[in-house]
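Working notes for the structure below.
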Amino acid sequence: MELLIKEAAKRRNMSMKVLAEKTGIDASSLSRYNTGRIEAPLEKLKLIAEVLDCEIAELLPTGSKFAHFIDRNEWLGIRKK
């Protein structure tokens with residue numbers, strides 16, 4: 001599943017390189033998560049959302065079968081501060 005990591009970072013004026021540095025996830029993995037070439041582990045999605053100060057649902061494509069579970073992050077037990 002393609003993700004919206006690059007778009008979410010861009011809305012926050014953050015490059016993928018800076019996001020990689022702040023998350024400790026190498027840029028090539030972030031790119032592969034974004035394009036859907038590899039699935040992003042849940043812990044990585046949590047970390048990316050935390051660094052971007054957004055809900056995990058913002059990283060998922062509209063209409064994703066998981067978006068309704070993750071919306072408001074109640075399913076994951078985390079809340080945006």
Side-chain angles (χ1 to χ4, degrees):
M1 163 177 52
E2 290 184 28
L3 299 176
L4 303 173
I5 297 168
K6 187 173 184 177
E7 292 83 351
K10 187 175 182 176
R11 282 192 293 275
R12 288 156 179 82
N13 298 313
M14 187 181 299
S15 70
M16 293 292 275
K17 181 180 177 181
V18 170
L19 181 60
E21 291 169 0
K22 290 185 176 211
T23 60
I25 301 169
D26 63 272
S28 63
S29 291
L30 282 175
S31 177
R32 285 180 274 173
Y33 297 157
N34 196 62
T35 60
R37 284 185 282 171
I38 59 173
E39 292 292 321
L42 181 58
E43 290 303 316
K44 300 291 185 184
L45 286 175
K46 287 181 185 179
L47 179 60
I48 293 165
E50 182 179 313
V51 168
L52 292 175
D53 191 30
C54 71
E55 304 287 344
I56 292 174
E58 186 177 337
L59 304 176
L60 302 175
T62 303
S64 166
K65 64 182 179 180
F66 301 108
H68 68 280
F69 286 116
I70 295 175
D71 193 30
R72 297 186 189 88
N73 292 320
E74 292 176 18
W75 181 67
L76 300 173
I78 59 175
R79 296 186 190 278
K80 183 178 166 188
K81 295 176 182 172

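The first residue of the sequence shown is numbered 1, and numbering continues consecutively from there.
Atoms OG and NZ, on S15 and K22 in that order, are 9.5 Å from each other to the nearest 0.5 Å. The distance from the CD atom of E39 to the NZ atom of K44 is 15.0 Å, given to the nearest 0.5 Å. A distance of 11.0 Å separates CG of L60 from CD of E55, quoted to the nearest 0.5 Å.
A donor-acceptor pair is defined here as one N or O able to donate and one able to accept, closer than 3.5 Å; no such pair exists between the side chain of R32 and the backbone of I38.
Taking hydrophobic clusters as Ile, Leu, Val, Met, Phe, Trp and Tyr residues chained together by side-chain heavy-atom distances below 4.5 Å, L4 does not share a cluster with L45.
Of the charged side-chain nitrogens involved, none lies within less than 4.0 Å of a carboxylate oxygen, so that E7 and K10 do not count as a salt-bridged pair.
The side-chain heavy atoms of Y33 and L59, taken from C-beta on, include no pair separated by under 4.5 Å. Taking 4.5 Å as the limit, some side-chain heavy atom of R37 sits within range of a side-chain heavy atom of S31.
I48 pairs in a side-chain contact (heavy atoms from CB on, under 4.5 Å) with only one of the listed residues (L19, N34, L3), which is L19.
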*Take C54 and R12 through the side-chain contact (heavy atoms from CB on, under 4.5 Å) test and state the conclusion after the steps.*
CA-CA 10 Å; C54 71; R12 288 156 179 82; 3.2 Å; yes
*Under the side-chain contact (heavy atoms from CB on, under 4.5 Å) criterion, do I5 and M16 qualify, and how do the steps go?*
CA-CA 8 Å; I5 297 168; M16 293 292 275; 4.1 Å; yes
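Across every non-hydrogen atom of A9 and L52, the tightest pair is CA-CD2, 3.8 Å. Of all non-hydrogen atoms in T35 and E2, the two that sit nearest each other are O-CG, 3.1 Å. Pairing each heavy atom of A20 with each of A27, the nearest pair is CB-N, 3.8 Å.
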